[in-house]
Trainee: 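A single structure is presented below for examination.
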Protein chains: 2
Amino acid sequence: MTTHTDTLAELRASGHRITPQRQIVLEVVENSAEHLDTEAVYQRAHEKDRNISLATVYRTLAILKDEGLIEQRYLARDHAREHYEPVGAPEHYHFTCLDCHQVIEFQSPRVNQMRAELEAELGLLILQACLCLEGYCQSCAAKRAAARP
Amino acid sequence: MTTHTDTLAELRASGHRITPQRQIVLEVVENSAEHLDTEAVYQRAHEKDRNISLATVYRTLAILKDEGLIEQRYLARDHAREHYEPVGAPEHYHFTCLDCHQVIEFQSPRVNQMRAELEAELGLLILQACLCLEGYCQSCAAKRAAARP
DNA sequence: TTCATTGCAAAATTTTTGCATACGA
DNA sequence: TCGTATGCAAAAATTTTGCAATGAA
């Protein structure tokens, strides 16, 4: 398990300076249960430091992501927006219903299986896997089938 | 294999009108080998109809996507931008190297396996699967390992 | 001290929307 | 004819960037 301190050390080791702003952004991502997009990270960071700027949050998230210190996830419902979470969070992906818009989180061993296969076959080092599914949930699929026989 | 005419019929059946602009947008997506983002679709559509507007392209792509008549794909390299392609294109996903930025296309039976499992277990109807991987390709991974022993 | 980092504001980019007009069915 | 769809232009939403001042190492 990577700790906050470890992550800061890695950040420094990769040639970046440790600033209060960066510590705050990291804390926010590490301590949130949900996936936060950039705006949400900014809002929470802003509560801790009234002077932090949105530009700094953008820049910091980009650095942390580039260094592999946080992960990005995309929700299908709002795919264009990146959501961040700490590395090491339990693996899960998202299915979004196109009709009722509920998000169903799921796990599947197939993803890691595939990652391992690709790494072995193609020699890749896979750091991030983005997987999101869209379609209709059970009840909405049933409704649509009934509406259009 | 769904034909252009079939797709238009489905579009009409779902309550939308067939306009020259919509036909052009559909043709562009169907006839392009690459994945086009909205701007690229607009550019190609614009060559065929100098008066077509970007707003119409946005609106048309949204409709076609909502109706499941085209699919969206996301490339990890440029994840925030949607890329469209016709339904029924051969399954493939993307890995992007964070260093040299090359995009490696790959296939994996694990995806369909997972889709089938999820549909069976959760009763979902999965229409779109977005999967993109990021990390380092074989040579870039080797370089990084050498640079930071 | 030195240079990476910051905040601010402006710019750039991308997408959406209001509305009068045009046109498909 | 009737109401959807369009083009335009303006607005909204999101992200990036220039620059002088600040502050981490």
Side-chain angles (χ1 to χ4, degrees), chain A residues 5 7-28 35-67 69-70 72 74-84, chain B residues 5 7-28 35-67 69-70 72 74-84:
Chain A
T5 311
T7 305
L8 287 178
E10 287 192 51
L11 189 58
R12 183 183 291 114
S14 56
H16 297 94
R17 291 182 179 172
I18 308 305
T19 66
Q21 292 92 337
R22 287 177 179 173
Q23 294 186 54
I24 288 173
V25 168
L26 188 57
E27 278 170 28
V28 166
H35 302 156
L36 305 178
D37 64 16
T38 308
E39 179 65 28
V41 172
Y42 168 68
Q43 285 171 8
R44 299 197 182 197
H46 188 251
E47 289 172 9
K48 302 191 178 190
D49 173 359
R50 290 284 157 194
N51 287 323
I52 201 169
S53 72
L54 181 57
T56 293
V57 173
Y58 270 105
R59 287 186 280 225
T60 301
L61 288 173
I63 289 170
L64 292 172
K65 189 178 88 176
D66 286 351
E67 297 297 338
L69 302 177
I70 61 175
Q72 61 187 156
Y74 295 85
L75 307 184
R77 175 173 56 167
D78 196 14
H79 202 293
R81 187 108 329 103
E82 300 181 3
H83 292 71
Y84 296 92
Chain B
T5 311
T7 304
L8 288 176
E10 285 192 54
L11 189 58
R12 183 182 290 115
S14 57
H16 298 94
R17 291 181 179 172
I18 308 305
T19 66
Q21 292 91 337
R22 287 176 179 174
Q23 294 186 55
I24 288 173
V25 168
L26 188 57
E27 279 170 26
V28 166
H35 303 156
L36 304 178
D37 65 15
T38 307
E39 180 64 27
V41 172
Y42 167 68
Q43 284 172 8
R44 300 198 181 196
H46 189 251
E47 290 172 8
K48 302 189 180 194
D49 173 358
R50 290 284 157 190
N51 287 322
I52 200 169
S53 72
L54 182 56
T56 294
V57 173
Y58 270 105
R59 288 186 281 225
T60 301
L61 288 172
I63 290 170
L64 292 173
K65 188 178 89 176
D66 286 350
E67 297 298 338
L69 302 177
I70 61 175
Q72 62 187 156
Y74 296 85
L75 307 185
R77 176 174 54 168
D78 195 13
H79 202 294
R81 188 107 333 101
E82 301 180 2
H83 292 73
Y84 296 92

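The chains referred to below are lettered A, B, ... by the order of the sequence lines, with proteins before strands, and numbering in each begins at 1.
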Trainee: Among residues 51-60 of chain B, which contact DNA chain C at a heavy-atom distance under 4.0 Å?
Mentor: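 Leu54(B), Ala55(B), Tyr58(B), Arg59(B) - these, ordered by number, are the residues of the stretch whose heavy atoms sit under 4.0 Å from the strand.
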
Trainee: Are Arg22(B) and dT4(D) close enough that a side-chain N or O sits under 4.0 Å from OP1 or OP2?
Mentor: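 Negative; the distance criterion is not met.
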
Trainee: Quick one: Gln43(B) CD to dT14(C) C1', roughly how many Å, whole number?
Mentor: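 Value for this atom pair: 14 Å.
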
Trainee: Round to the nearest Å and state the distance from Gln21(A) atom CD to dA4(C) atom P.
Mentor: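 Going from Gln21(A) (CD) to dA4(C) (P), I get 17 Å.
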
Trainee: Which protein N or O atoms sit under 3.5 Å from an N or O of nucleotides 21-25 of chain C?
Mentor:
unit_1, atom_1, unit_2, atom_2, d
dG24(C), O3', Ile18(B), O, 3.2
dG24(C), N2, Arg17(B), NH1, 3.4
dG24(C), N2, Arg17(B), NH2, 2.9
dG24(C), N3, Arg17(B), NH1, 3.4
dA25(C), OP1, Ile18(B), N, 3.0

Trainee: Might you point out which heavy atoms bring Lys65(B) and Ile70(B) nearest each other, and give the distance in Å?
Mentor: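 Nearest pair, atom of Lys65(B) first, then Ile70(B): N-CG1, 3.8 Å.
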
Trainee: Through what angle, rounded to 10 degrees, does the axis of the helix from dT1(C)-dA25(D) to dA25(C)-dT1(D) turn between its ends, using five pairs per end?
Mentor: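 Terminal axis comparison yields 50°.
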
Trainee: Would you be so kind as to tabulate the donor-acceptor pairs closer than 3.5 Å made by side chains of residues 16-25 of chain B, with sequence neighbours excluded?
Mentor:
unit_1, atom_1, unit_2, atom_2, d
His16(B), ND1, Ser14(B), OG, 3.3
Thr19(B), OG1, Arg22(B), N, 3.1
Arg22(B), NH1, Arg17(B), O, 2.9

Trainee: Can you measure Tyr42(A) atom OH to dT15(D) atom P for me and round it to whole angstrom units?
Mentor: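 My rounded result for the distance is 14 Å.
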
Trainee: Which ring-ring contact (aromatic ring centres under 6.0 Å, His included) pairs, counting each pair once, include a residue from residues 44-65 of chain B, with sequence neighbours left out?
Mentor: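 As it turns out, the ring-ring contact (aromatic ring centres under 6.0 Å, His included) pairs with a partner in residues 44-65 of chain B, which skip direct neighbours, are Tyr42(B)-His46(B).
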
Trainee: Nearest 0.5 Å, please: how far is OG1 in Thr60(A) from CD1 in Ile52(A)?
Mentor: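 If we round to the nearest 0.5 Å, Ile52(A):CD1 and Thr60(A):OG1 are 6.5 Å apart.
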
Trainee: Rounded off to whole Å, could you give me the CD-to-C1' distance for the Glu39(B) and dT13(C) pair?
Mentor: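 Atom-to-atom, Glu39(B) to dT13(C), this comes out as 10 Å.
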
Trainee: From Ile63(A) CD1 over to Leu11(A) CG, what is the distance, rounded to the nearest 0.5 angstrom?
Mentor: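 Rounded to the nearest 0.5 Å, the CD1-CG separation comes out at 7.0 Å.
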
Trainee: Can you measure from CD (Glu27(A)) to OG1 (Thr7(A)) and round to the nearest 0.5 angstrom?
Mentor: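 If we round to the nearest 0.5 Å, Glu27(A):CD and Thr7(A):OG1 are 11.5 Å apart.
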
Trainee: Who passes side chain to side chain donor-acceptor pair (under 3.5 Å) against Glu47(A), sequence neighbours left out?
Mentor: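 With sequence neighbours excluded, Glu47(A) shows a side chain to side chain donor-acceptor pair (under 3.5 Å) to no residue whatsoever.
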
Trainee: Please list, chain by chain and in numerical order, all residues satisfying side chain to side chain contact (heavy atoms under 4.5 Å, CB included) with Ala55(A), sequence neighbours excluded.
Mentor: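 Once residues adjacent in sequence are excluded, the partners of Ala55(A) under the side chain to side chain contact (heavy atoms under 4.5 Å, CB included) criterion are Ser53(A), Arg59(A).
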
Trainee: How long is the gap from CG on Asp66(B) to CG on Leu61(B), to the nearest 0.5 Å?
Mentor: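 The CG atom of Leu61(B) is 10.5 Å from CG of Asp66(B), to the nearest 0.5 Å.
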
Trainee: Could you state the CG-C1' distance from Leu8(B) to dA5(D), rounded to the nearest angstrom?
Mentor: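 Rounded to whole Å, this separation is 15 Å.
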
Trainee: Measuring from atom CD of Gln43(A) to atom CG of Asp37(A), what distance do you get when rounded to the nearest 0.5 angstrom?
Mentor: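 One finds 8.0 Å between CD of Gln43(A) and CG of Asp37(A).
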
Trainee: Nearest 0.5 Å, what's the CG-OG1 distance between Leu54(A) and Thr38(A)?
Mentor: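 Atom-to-atom, Leu54(A):CG and Thr38(A):OG1 are 7.5 Å apart.
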
Trainee: Quickly work out the Leu61(A) CG to dT5(C) P distance and round it to whole Å.
Mentor: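 One finds 15 Å between P of dT5(C) and CG of Leu61(A), rounded.
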
Trainee: Grab the NE2-P distance between His46(B) and dT6(D) for me, whole Å please.
Mentor: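 Computing the His46(B):NE2 to dT6(D):P distance gives 15 Å.
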
Trainee: Figure out the CG/P separation between Asp37(B) and dT13(C), and round it to whole Å.
Mentor: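 Atom CG in Asp37(B) sits about 14 Å away from atom P in dT13(C).
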
